[in-house]
Number of protein chains: 2
Amino acid sequence: MPPAKLDPIDRKILAELQADGRMTNVELSRRVGISAPPCLRRVRALEETGFIEGYHARVNTRQLGFEVAVFAMVSLRSQAESDLNAFEDRVRSWPLVRECHMLNGEIDFILKCVAPDLSTFQRFLTEDLVSAPNVAGVKTSLVIRETKWEPGVPFDVLEARATSD
Amino acid sequence: MPPAKLDPIDRKILAELQADGRMTNVELSRRVGISAPPCLRRVRALEETGFIEGYHARVNTRQLGFEVAVFAMVSLRSQAESDLNAFEDRVRSWPLVRECHMLNGEIDFILKCVAPDLSTFQRFLTEDLVSAPNVAGVKTSLVIRETKWEPGVPFDVLEARATSD
DNA sequence: CGCTTCCGCGCAACATCATTGCATTGTCGC
DNA sequence: GCGACAATGCAATGATGTTGCGCGGAAGCG
């Protein structure tokens, strides 16, 4: 059931849980201005309708020993749907690849990768990624630092649109 | 207190909370094989020591009306630290930019952006990003689809390393 | 070796929270 | 206005989060 209308309270709930996914329902209900039971029912509904896809702890990858993060821009020889799917399946089997986005233009995929050290990544790059079938070229860039990271969606922009409807 | 040693139970806790950040402590303790109180104390310690940086609900951006996701590769004219910081500060003020990573090589920054529609993004691109001070060039690629998204770190790789120490 | 110290666990008790049933209220269509 | 529906808040119950405390195993020392 993808189609569903969100009121300002729903959007506030999403914004709050996006910022703090472990907030108690009591605290959440207080912040959005309704009592706990209907608040919980709304959260459940947002989960069921797919607005909330999941909850995750964000961990410090570097502190956990993954010193290296890399963006890999991949070009394929064939963009036939079956070849794209084959590549995607392969990507899903590589634990060092955390994200994979299919793009338009020169670059077909952008992969966000992590690794304990550079040599581990280099080995993955040459032995797995570059030598995978249908891969025409890979350009990589090391992440020096992460300047901004905000989960999901800018709800202030969403509010501005919703209220102007 | 960044330096701290993790045992297999800590790593299991991190893996579980990374996969499901709203799991109850009772369920978590059951899965990692200890009782609830020490489990909660471990979670608190992981939060305090920075291994856990936060918890977030993952929302369906498209369903929320952000039909467009774009990666923008930005090159600057000057890479002096003060100029980098100035650009980063500007980036933080743009709600449509959700992530910003500083890279090595040709491209200085990669930005993940979202927008309700293409024209909104185009306006942001030309009026804000391209026309920002010190920006030499911007290449953008539309995200066609997101093939893989896993939060954080591959704990199976981490386990393999930890046990071989 | 045995003793001591320290750390982390589990138990038990309490406080808080999640969850359900139900009566009430407000809204929309008629 | 009037009835049907949806959503709210209240109250009660069960589950969970949280703290204090005693116990036991491991490491360090005599």
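Note on naming: letters A, B, ... go to the chains in the order of the sequence lines (proteins, then strands), and numbering restarts at 1 for each one.
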- [ ] With heavy atoms under 4.0 Å as the rule, sort Thr24(A) into base, sugar-phosphate or nothing.
- [x]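 Sugar-phosphate, no base atom in range.
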- [ ] Report which part of the nucleic acid Arg22(A) touches: base, sugar-phosphate, or nothing (heavy-atom distance under 4.0 Å, all strands).
- [x]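 The answer is nothing, as Arg22(A) stays clear of every strand by at least 4.0 Å.
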TODO: Check whether Val143(B) and Val59(B) end up in the same hydrophobic cluster, where Ile, Leu, Val, Met, Phe, Trp and Tyr are linked by side-chain heavy atoms less than 4.5 Å apart.
DONE: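 Hydrophobic grouping puts Val143(B) apart from Val59(B).
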Open item on the list: I'd like to know if Leu96(A) and Leu118(A) are part of one continuous hydrophobic network [Ile/Leu/Val/Met/Phe/Trp/Tyr, side-chain heavy atoms within less than 4.5 Å].
Closed with: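 Yes, one cluster joins them.
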Can you confirm whether [X] sits close enough to [Y] that some side-chain heavy atom of one is under 4.5 Å from a side-chain heavy atom of the other?
X	Y	value
Phe51(A)	Asn60(B)	no
Glu27(A)	Glu16(A)	no
Ile110(A)	Phe71(A)	yes

- [ ] Answer yes if the ring centres of Tyr55(A) and Tyr55(B) are under 6.0 angstrom apart, and no otherwise.
- [x]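 No: the rings miss the under 6.0 Å criterion.
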Task: Start and end of chain B contact along DNA chain D [non-hydrogen atoms, under 4.0 Å] - done: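 Reading along DNA chain D, I get dT16(D) to dG20(D).
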TODO: Using a strict 4.0 Å threshold on nitrogen-to-oxygen distance, state whether Glu88(A) and Lys148(B) make a salt bridge.
DONE: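 Result for this pair is no, no salt bridge flagged.
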Open item on the list: Applying side chain to side chain donor-acceptor pair (under 3.5 Å) as the test, list every pair that has at least one member in residues 106-119 of chain A; sequence neighbours left out.
Closed with: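 Passing the test, one end in residues 106-119 of chain A: Gln79(A)-Asp108(A), Asp117(A)-Ser119(A), Asp117(A)-Thr120(A).
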- [ ] Provide, to the nearest angstrom, the distance between the CD1 atom belonging to Ile9(B) and the C1' atom belonging to dG10(C).
- [x]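 About 13 Å, once rounded to whole Å.
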- [ ] Classify every nucleotide of nucleotides 19-29 of chain C by which part a protein heavy atom approaches to under 4.0 Å, writing B for the base, S for the sugar-phosphate alone and - for neither, in 5'-to-3' order.
- [x] SB---------
